[in-house]
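These notes are about the structure you will find just below.
Remember, predicted model here, so these are calculated numbers, not experimental data. Whatever order the structure lists ligands and atoms in, that order sets their numbers, starting from 1.
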Amino acid sequence: MKENILVLGSINIDYVTFAKRFPRPGETITGTDFSIFQGGKGANQAIAISKLGCPTWMLGKVGDDQLKQFALDTLQYYNVNTNFVDISQNVSTGSASIWVNKNGENSIIIYPGANAKVGIKFINKNKKAFLLAQWLLSQFEIPLSSVMHGLKIARENNIFTVVDPAPAQKISNCEFWNLVDFLLPNEIEIQDITGKKDLLESIIALKNKGVKEVVVKMGAKGACYEKNNQLIIIPGYPVARVIDTTGAGDCFNAGFVKGMIEFHDIEKAIKLANYASSYSIQKKGAAISFPTEKEILRNGH
Ligand code: RIB
């Protein structure tokens, strides 16, 4: 049986400039390419998991501007249901200014716009979205109180919860961690959240706070998790050339959830996630670079 996904999160438009290197403060340099792409961690994850064949609903907001249609059209083009996406008045659609250097590394500044208006009242108005889903994915580009509210409704409805704590924020409310089944930070985010340098210690600390499972994304090195007090590293897939790492973490999350649905096994799910994200970094853009289910299967996953 297909399992349905609900993504409670951000919708951005990405303005991406490619350049040999990042400029220094006060410096002007000439880029090598520029594109406007669909982005936002929420929308990216919704598109990535939908491309992997899972029926997906987006719960979020766009602004009342020209960009809203681009965002809605792209989500719909990739079969993401937008019935629970509202248009917020007097605010712009979320945006991200992104620089990508010749190694495919990026620097991102987001402006939340309508994403900041994804509040508790809006979530309550769309509570029926939760009745459709077996999995909830959320991130920290919408207000934290809204993420927490979404997690509570998910728990009431026996929905698996997956949280990408990006951009990282300190969480003081202990109840939050009890509501998270799978936490998928990267190495920097887990350090910021726990204040610890050691990965194993950080994972154990979060599990002691109530998170059921923590998987840390380590870029080219792959990803790791904790088993019997040991750090288990699942290596990443080497690629010939890294073009653009934007959205690789979002693609990882989608691959991980798809893997859990298919295999009910954390190591197999991480392998699939590593493969999906390695695929995405070989093309420009976030959503547009994610693999389809066919592309994954073609490569034996
Ligand atoms: O994770 C990548 C995303 O982060 C970009 O698409 C950008 O919109 C920011 O939200």
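Taking the six-membered ring for Trp, Phe18 and Phe34 have ring centres at least 6.0 Å apart.
Judged as a ring pair (Phe, Tyr, Trp, His ring centres under 6.0 Å), and not counting sequence neighbours, Tyr279 has no contacts. Contacts of Tyr237 classified as ring pair (Phe, Tyr, Trp, His ring centres under 6.0 Å), with partners at least two apart in sequence or in another chain: Tyr275, His301. Listed by chain and residue number, Lys196 satisfy the side-chain contact (heavy atoms from CB on, under 4.5 Å) test with Ala205 (two or more places apart in sequence, or in another chain).
Side chains of Met260 and Lys268 form no contact here, defined as non-hydrogen atoms less than 4.5 Å apart.
Exactly one residue among Phe256, Phe130, Phe160 makes a ring-ring contact (aromatic ring centres under 6.0 Å, His included) with Trp135. That residue is Phe160.
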Do any nitrogen or oxygen atoms of ligand 1 lie under 3.5 Å from a protein nitrogen or oxygen, and which ones?
{"residue": "ligand 1", "atom": "1 (O)", "partner": "Lys41", "partner atom": "NZ", "Å": "2.9"}
{"residue": "ligand 1", "atom": "1 (O)", "partner": "Asp250", "partner atom": "OD2", "Å": "2.8"}
{"residue": "ligand 1", "atom": "4 (O)", "partner": "Lys41", "partner atom": "NZ", "Å": "3.0"}
{"residue": "ligand 1", "atom": "6 (O)", "partner": "Asp14", "partner atom": "OD1", "Å": "3.4"}
{"residue": "ligand 1", "atom": "6 (O)", "partner": "Asp14", "partner atom": "OD2", "Å": "2.6"}
{"residue": "ligand 1", "atom": "6 (O)", "partner": "Gly40", "partner atom": "N", "Å": "3.2"}
{"residue": "ligand 1", "atom": "6 (O)", "partner": "Asn44", "partner atom": "ND2", "Å": "3.0"}
{"residue": "ligand 1", "atom": "8 (O)", "partner": "Asn12", "partner atom": "ND2", "Å": "3.1"}
{"residue": "ligand 1", "atom": "8 (O)", "partner": "Asp14", "partner atom": "OD1", "Å": "2.6"}
{"residue": "ligand 1", "atom": "8 (O)", "partner": "Gly40", "partner atom": "N", "Å": "2.9"}
{"residue": "ligand 1", "atom": "10 (O)", "partner": "Asn12", "partner atom": "ND2", "Å": "3.1"}
{"residue": "ligand 1", "atom": "10 (O)", "partner": "Glu141", "partner atom": "OE1", "Å": "3.0"}
{"residue": "ligand 1", "atom": "10 (O)", "partner": "Glu141", "partner atom": "OE2", "Å": "2.6"}

